[in-house]
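These notes concern the structure reproduced below.
Note that the structure is a prediction, hence the values are computed from the model and not measured. If you read the sequence from its start, that first residue is 1, and numbering goes on from there.
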Amino acid sequence: MKRSTTLTIGFLFLLSLGVIVLLANQLKTDKSLMQEGSPAATEEKSGEIAYNPPSIDDVPEGPMGDAILRGRELINDTSNAIREKASSVEDGENLVNQLSCTSCHAGDGLDQDTSSLVGVAAVYPQYNERADKVLTLEDRINGCMVRSMNGQPFEEDDEDLNAMVAYLTYISEGIPMGAELKWLGKNDMKDVPIPDVENGERVFQQSCVACHASDGSGTGPNTGPALWGDGSFNDGAGMARMSKNAGFIKNNMPLGQPNSLTDQEAADLAAFILSQDRPEWKGHDKDWPKGNRPTDVMTKELRDQVKDGTIDWEKVLGKDK
């Protein structure tokens with residue numbers, strides 16, 4: 001009787017141990033599946049970070065969700081979203097130009113192929129050579145506000161600044177800090193051909209006026225942003241550099257036909273666009289304080305040289321070295 005009882009207890013112990021092992025394996029499998037289906041599971045088998053931004057439909061309810069959605073509105077319709085809060089039309093125009101963040105960062109910053117903003121919250125703070133200091137995400141947003149948006153910076157802890165940070169942080173969910181993201185920094189033509197400005201004007205009138213208007217004033221910040229004039233970016237913006245502008249054109253234009261232009265056509269267009277009048281950045285002398293200033297920033301001096309035919313494109317594009 002005692003031996004039978006001992007055998008029974010032993011059997012039950014082994015059975016229980018087997019059940020525990022099965023449950024542990026099932027838990028491990030379930031956890032793995034949960035990770036694969038969550039935004040935090042962003043690493044592909046190749047070791048690269050996968051492009052997997054969370055859905056806007058999954059924004060949490062409450063104050064944080066409200067901030068994220070306001071940030072999305074500011075990214076998508078920057079000019080109107082900011083100007084509508086101004087006390088007067090004139091004040092609104094001083095706060096921001098006619099562009100929006102999505103004039104460059106398409107689809108609320110979610111378009112992988114057009115200057116995506118996904119993951120940008122994970123790469124800041126970041127050292128910036130132009131400013132010679134480490135910039136926070138807030139600093140970088142304000143840099144765009146005063147250069148690309150030719151307006152005023154947000155004050156510290158401004159609710160709209162916080163909202164933009166909240167949105168950019170949300171769409172960067174699951175991406176490790178400091179990760180190398182293959183979709184960032186794509187719009188840079190390393191070797192810009194010597195441009196033909198007259199041909200750039202011809203290509204512009206043939207292929208670009210439907211969206212950007214014949215005078216470059218545009219048809220809307222998201223349908224065809226202003227490329228020059230008072231409503232466009234100033235000459236301190238990154239887009240005012242030949243390498244950045246030509247790279248953006250090559251990779252993204254015309255709309256729906258990326259990479260359909262040659263490097264030469266993209267360079268010709270960039271030279272034509274950047275030779276037109278635009279707002280002047282007053283801080284050129286403070287940029288790149290440690291040297292290494294790029295030569296392809298199309299300042300008023302260079303725009304005037306284009307107009308009077310004295311510009312040395314070899315020097316501008318660094319081909320004279």
Side-chain angles (χ1 to χ4, degrees), residues 51 53 72 75-79 97-120 123 140 143-144 147-150 168 171 181-193 195-197 199-229 231-235 237-276 278 294 296-298 317:
Y51 196 83
R72 181 195 184 208
I75 294 290
N76 181 58
D77 196 16
T78 317
S79 182
N97 61 15
Q98 296 173 9
L99 304 181
S100 71
C101 297
T102 46
S103 295
C104 293
H105 308 282
D108 301 336
L110 297 174
D111 188 325
Q112 183 174 355
D113 298 319
T114 312
S115 298
S116 172
L117 293 173
V118 172
V120 71
V123 299
R140 187 66 184 88
C144 285
R147 294 173 185 264
S148 297
M149 306 303 294
N150 192 42
L168 294 174
I171 65 173
L181 306 177
K182 59 186 178 181
W183 57 85
L184 295 184
K186 292 169 54 178
N187 298 317
D188 187 9
M189 188 177 287
K190 302 299 183 184
D191 186 15
V192 181
D196 181 336
V197 178
N199 185 59
E201 182 175 11
R202 284 193 292 271
V203 175
F204 181 85
Q205 295 299 333
Q206 292 169 359
S207 305
C208 311
V209 295
C211 294
H212 299 286
S214 59
D215 63 353
S217 60
T219 58
N222 297 337
T223 58
L227 298 181
W228 63 82
S232 191
F233 54 89
N234 64 44
D235 61 15
M239 198 64 82
R241 291 183 57 186
M242 279 291 297
S243 54
K244 304 293 185 183
N245 200 291
F248 185 90
I249 291 170
K250 169 71 176 175
N251 289 339
N252 303 294
M253 296 291 115
L255 191 65
Q257 302 177 57
N259 292 299
S260 61
L261 298 173
T262 65
D263 285 4
Q264 184 65 60
E265 289 171 326
D268 295 349
L269 276 167
F272 169 67
I273 291 167
L274 295 181
S275 66
Q276 307 305 307
R278 68 180 58 259
D296 67 339
V297 179
M298 293 297 291
L317 299 174

Checklist entry - Do N97 and N150 meet the criterion of a side-chain donor-acceptor pair at a distance under 3.5 Å? => result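 No.
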Between [Y] and [X], is there a side-chain heavy-atom distance shorter than 4.5 Å?
X: L227; Y: F204; result: yes
X: T219; Y: H212; result: no
X: L261; Y: I249; result: yes
X: V197; Y: D268; result: no
X: S214; Y: Q205; result: yes
X: C144; Y: C101; result: no
X: S100; Y: N222; result: yes

Next on the checklist: I need the full list of salt bridge (Lys or Arg N to Asp or Glu O under 4.0 Å) pairs touching residues 98-114, with sequence neighbours left out, sorted by first then second residue.
Outcome noted: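 Qualifying pairs, neighbours excluded: R72-D108, D113-K186.
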[atom1] of [X] to [atom2] of [Y]: how many Å apart, nearest 0.5 Å?
X: L255; Y: C211; atom1: CG; atom2: SG; value: 6.0 Å
X: Q264; Y: N199; atom1: CD; atom2: CG; value: 7.5 Å
X: I273; Y: E201; atom1: CD1; atom2: CD; value: 11.5 Å
X: D191; Y: L317; atom1: CG; atom2: CG; value: 8.5 Å
X: M239; Y: S115; atom1: CE; atom2: OG; value: 6.0 Å
X: Y51; Y: L110; atom1: OH; atom2: CG; value: 5.5 Å

Can you list the residues that meet the salt bridge (charged side-chain N to carboxylate O under 4.0 Å, His left out) rule with [X], with sequence neighbours excluded?
X: D235; result: R303
X: R140; result: none
X: R278; result: none

Nearest heavy atoms of [X] and [Y], plus distance in Å:
X: S116; Y: G109; value: OG-O, 3.4 Å
X: L274; Y: A240; value: CD1-O, 3.6 Å
X: P195; Y: A267; value: CB-O, 3.6 Å
X: S260; Y: M253; value: OG-O, 4.0 Å
X: M189; Y: A246; value: CE-O, 3.7 Å

Any side-chain to backbone donor/acceptor pair from [X] onto [Y]? Under 3.5 Å, distance only.
X: S232; Y: A226; value: yes
X: N252; Y: P258; value: no
X: E265; Y: T262; value: yes

Checklist entry - Going through the distances and angles, do L117 and I75 end up as a side-chain contact (heavy atoms from CB on, under 4.5 Å)? => result CA-CA 10 Å; L117 293 173; I75 294 290; 4.2 Å; yes
Item to check | side-chain contact (heavy atoms from CB on, under 4.5 Å) between Q112 and V118, worked out | outcome: CA-CA 8 Å; Q112 183 174 355; V118 172; over 6 Å; no
Item to check | Audit row: N187, K244, side-chain contact (heavy atoms from CB on, under 4.5 Å) steps and yes/no | outcome: CA-CA 6 Å; N187 298 317; K244 304 293 185 183; over 6 Å; no
Item to check | H105/T114 under side-chain contact (heavy atoms from CB on, under 4.5 Å): CA gap, chis, key distance, verdict | outcome: CA-CA 6 Å; H105 308 282; T114 312; over 6 Å; no
Checklist entry - What residues form a side-chain contact (heavy atoms from CB on, under 4.5 Å) with A213, not counting sequence neighbours? => result D215, S217
Next on the checklist: Please enumerate all residues that pass side chain to side chain donor-acceptor pair (under 3.5 Å) together with S79, with sequence neighbours excluded.
Outcome noted: R83
